[in-house]
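Every chain is numbered from 1 and lettered A, B, ... according to where its sequence line falls, protein lines coming before strand lines.
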Amino acid sequence: MQENLVIVESPAKAKTIEKFLGKDFFVTSSMGHIRDLEKKDFGIDIQNNFTPKYEITSDKKKLVTELKKLAKDAKTIWLASDEDREGEAISWHLIETLHLDPQKTKRIVFHEITKEAILHAIQNPRPLDLNLVNAQQARRVLDRIVGFEVSPVLWKKVKPSLSAGRVQSVAVRLIVEREREIMNFNTTSSYRVTANFLVPEKDGKVVELKAELNKRFDTREQAFSFLEKCKSAEFQIDDVVKRPSKRSPAPPFTTSTLQQEASRKLGYSVSQTMTVAQKLYESGKITYMRTDSVNLSGLAINTAKQVILSTMGEKYHQVRQYKTKSKGAQEAHEAIRPTYLDQEEISGTAQEKRLYELIWKRTVASQMSDAELEKTTVTIDISNSAEKFIATGEVLIFDGFLKVYIESVDDEDQNGGQKGLLPALTAKQILRWDKIFATERFTQKPPRYTEASLVKKLEEQGIGRPSTYAPTITTIQNRGYVVKEDREGVERGFTEFVLAGQKIAEKQKIEVTGAEKSKLFPTDIGMVVNDFLMRYFDLIMDYNFTAKVEKEFDEIAEGELIWNEMLGNFYKPFHSKVESAINEAERANGVRVLGIDPNTGLELSVKIGRFGPIAQLGEATEEGAKPQFASLRAGQHIETITLDEALELFKLPRTLGDYEGKTVVVAIGRFGPYVRHDGKFISLEKKVDDPYSIELPRAIELIESKREKDLNALLKVFDENPDLKILNGRWGPYISYKKGNYKIPKNTDATKLTLDDCMKLIDGQSTVKKSRKK
DNA sequence: CAGTGAGCGAGCTTCCGCTTGACTT
């Protein structure tokens, strides 16, 4: 018989708390929610005031039985789930499901896992907040309604198995709209002028001073004539201004900022970061990793102080209390920080060590003093024109928090002034120059989202929660709406004029632009679904939709709004949109007419087909004419493919002729260009063969060489059963029999196997099933 | 492993937030 049973949400938390509470308390966890709306059905009785139909989640059945037993035996049950909407609901579900006696049940809350906070909580239990619970029910029911009413519309009008939801559909919208911005972006160029001045130092050395003109020129003529004028100009320093400036450390990590920095600094994906953080949390090394709070406990602030004082000195320390600003933050936890700040390093995998180090540095830096800088701006007059050259430099006077941690940014600024110290300069000083450049520069397209920058954007809009950022990003990729890809850049020429001595030289240079690494691209289906949802469900797709309903959930939590009424108000207009979409919407296939094929006069269009995007040439007619189809290639998209590119698709497959009485065909498949002959596929050689121009002799060459390779791979055949072969593959010998492959145990001489041995091996192994789930 | 593109229309798919394992060709 246990006196006290405490139920928290996570087992790692339970372990920690148990240490603080002593042996009269048994602490266990619910592992999050134990009940949810019915999984199979809609789970809501709409007619009956939106009554939810709950069931115990399938993987919690065993746990619930255990909890029931523990609760029966305990004198007092302390419900210690988080103090937010979801946490309150978890406690309520526990009361309902475990049939807890109100007389012996107490609700407690704490925001940090420290002895002080927990003992204080035990002394101050409070009643369950039913308004907060109802706010959660409203949130849950609304999400189910949106997801389960809109998704089936997509199955009908676009493709089976698709999904829509309050969070995921808006995430896809962000990516689609960004892609279209990039597509429609009008790149322009202008000329940026920079000068290298030569400044003599006291010791006789000459140092370079780089300066940039305060104006860019739109045309090459303007840039050129400016350089012409520079030939005879005098350059004189107008002013040297020194200005102190400060930089402050970033606040401690939340889930979202941890994901961003781990992505930028360590190259982790969002879900990778969460998996590693989970490990650190479970082994007690960091505090809880799903949080939107930047708050540090008093204990942590004190330990940070000790660490900073003892290792860096008082000058480096500054106490800071951070306030969370992000929309919809619920602050049930602390910020993410090391549990023991005096541990600068930990044991663990390389990934764990690196993430820990990042968290440690960020946390310590957040309690450190500002960095002090001095910025110098030098203005240089040009005797024969109104423009001025500007040189900037930045010197670190005191490093402060920068000693430990520098936050990264997403889009690195590529030009900028000279960093570091400028040479000693005085006003009115005349400057001699070495070279002056006028370089053509282009306007930058908006950047594509990375997983982490998408999370940042979602958080800014108050969409999604710390526990769902990673799963949301996975979902939109699993549904095929978005792909994470690298993209090779393309070469772009630009002009540079160099003035040296009294001569201007013009150079044509080449740079690579548009290269992308691990960026999110919308797919064709993502765009079609997005456009469909925008047209028929504008309310759900509104970036402010979540913020609007969140406001109402808050009102419910405050007792100012009845949750079923709120849902009623939402449901009526929403459901009629669902109805009209089902009844009125055409099938959406994203069809786009590219033009007329000049050879046949037939119309060429692209659309989403049953197996993905296809091009279609001609229409089916009553006279029996049939259209031709061709799949789009990887990297080609409905929105961007041109008529010429689409026409190319119909040039394959090409029949090259006959070889040994069988036709030879060349085409492009999933794994690239190939030749097909006698039921066999032979890949073309990369960068050597071109499927559009390859001729029969070369194809025969490929067929023959493939035959030779296969022959070399053939270790043994049996005349009695020609279906069975022993082959030598990439991983050593194996048995091939009727389209199935079978392993040969290690250390057996494959060539000595008899037919009987082989059949035994085959019987012993079940063919590897080829069902692969997405 | 690489083709398909019309169609009987079974039975299935789907949301967001809380939380961990179990599972991996």
Pairing residues for [X] by the side-chain contact (heavy atoms from CB on, under 4.5 Å) criterion, not counting sequence neighbours:
X        : answer
A:Asp689 : A:Leu684, A:Glu685, A:Ile694, A:Arg698, A:Leu702
A:Ser683 : none
A:Asp84  : A:Asp82, A:Glu86, A:Gln330, A:Ala332
A:Gln636 : A:Leu632, A:Arg633, A:Ile641, A:Glu645, A:Leu649

Stem segments of DNA chain B by first residue number [Watson-Crick or G-U, under 3.5 Å, at least 3]
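The stems: there are none.
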Contacts of A:Lys68 that satisfy salt bridge (Lys or Arg N to Asp or Glu O under 4.0 Å) - sequence neighbours left out
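Listed in chain order: nothing, the list is empty.
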Can you list everything that forms a salt bridge (Lys or Arg N to Asp or Glu O under 4.0 Å) with A:Asp531? Sequence neighbours excluded, please.
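A:Asp531 satisfies salt bridge (Lys or Arg N to Asp or Glu O under 4.0 Å) with A:Arg180 only.
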Just the atom pairs and distances: protein N or O near nucleotides 4-7 of chain B's N or O, under 3.5 Å.
from	atom 1	to	atom 2	distance (Å)
B:dG5	O6	A:Ser631	OG	2.4
B:dG5	N2	A:Arg610	N	2.9
B:dG5	N2	A:Phe611	N	2.4
B:dG7	O6	A:Arg610	NH2	2.9

Going by ring centres under 5.5 Å and near-parallel planes (under 30°), is A:Phe148 stacked on B:dT14?
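Yes, aromatic ring over the base.
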Flag as yes if A:Trp155 stacks onto the base of B:dT13 (centroids under 5.5 Å, planes under 30°), otherwise no.
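One would call A:Trp155 stacked on the B:dT13 base.
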Just distance, no hydrogens or angles: give the donor-acceptor pairs under 3.5 Å from side chains in residues 605-620 of chain A, sequence neighbours left out.
from	atom 1	to	atom 2	distance (Å)
A:Lys607	NZ	A:Gln616	OE1	3.3
A:Gln616	NE2	A:Gly618	O	3.1

Measure NE2/A:His33 against C1'/B:dC16 and give the value in whole Å, please.
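In whole Å, B:dC16 C1' lies 9 Å from A:His33 NE2.
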May I have the distance from A:Ile34 (atom CD1) to B:dT20 (atom C1'), rounded to whole angstrom?
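Between C1' of B:dT20 and CD1 of A:Ile34: 15 Å.
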Give me the residues of residues 52-61 of chain A where at least one heavy atom lies under 4.0 Å from an atom of DNA chain B, by number, or none.
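By residue number: none to list.
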Decide side chain to side chain contact (heavy atoms under 4.5 Å, CB included) for A:Lys551 and A:Lys548; before the verdict, give the C-alpha distance in whole Å, the side-chain angles of both, and the deciding distance to 0.1 Å.
CA-CA 5 Å; A:Lys551 216 179 133 219; A:Lys548 260 188 245 162; 5.9 Å; no
Can you list every side chain to side chain donor-acceptor pair (under 3.5 Å) pair that touches residues 461-473 of chain A, not counting sequence neighbours?
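Sorted pair list: A:Asp292-A:Arg465.
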Identify, with sequence neighbours excluded, every residue that meets ring pair (Phe, Tyr, Trp, His ring centres under 6.0 Å) alongside A:Phe148.
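Expected list: none.
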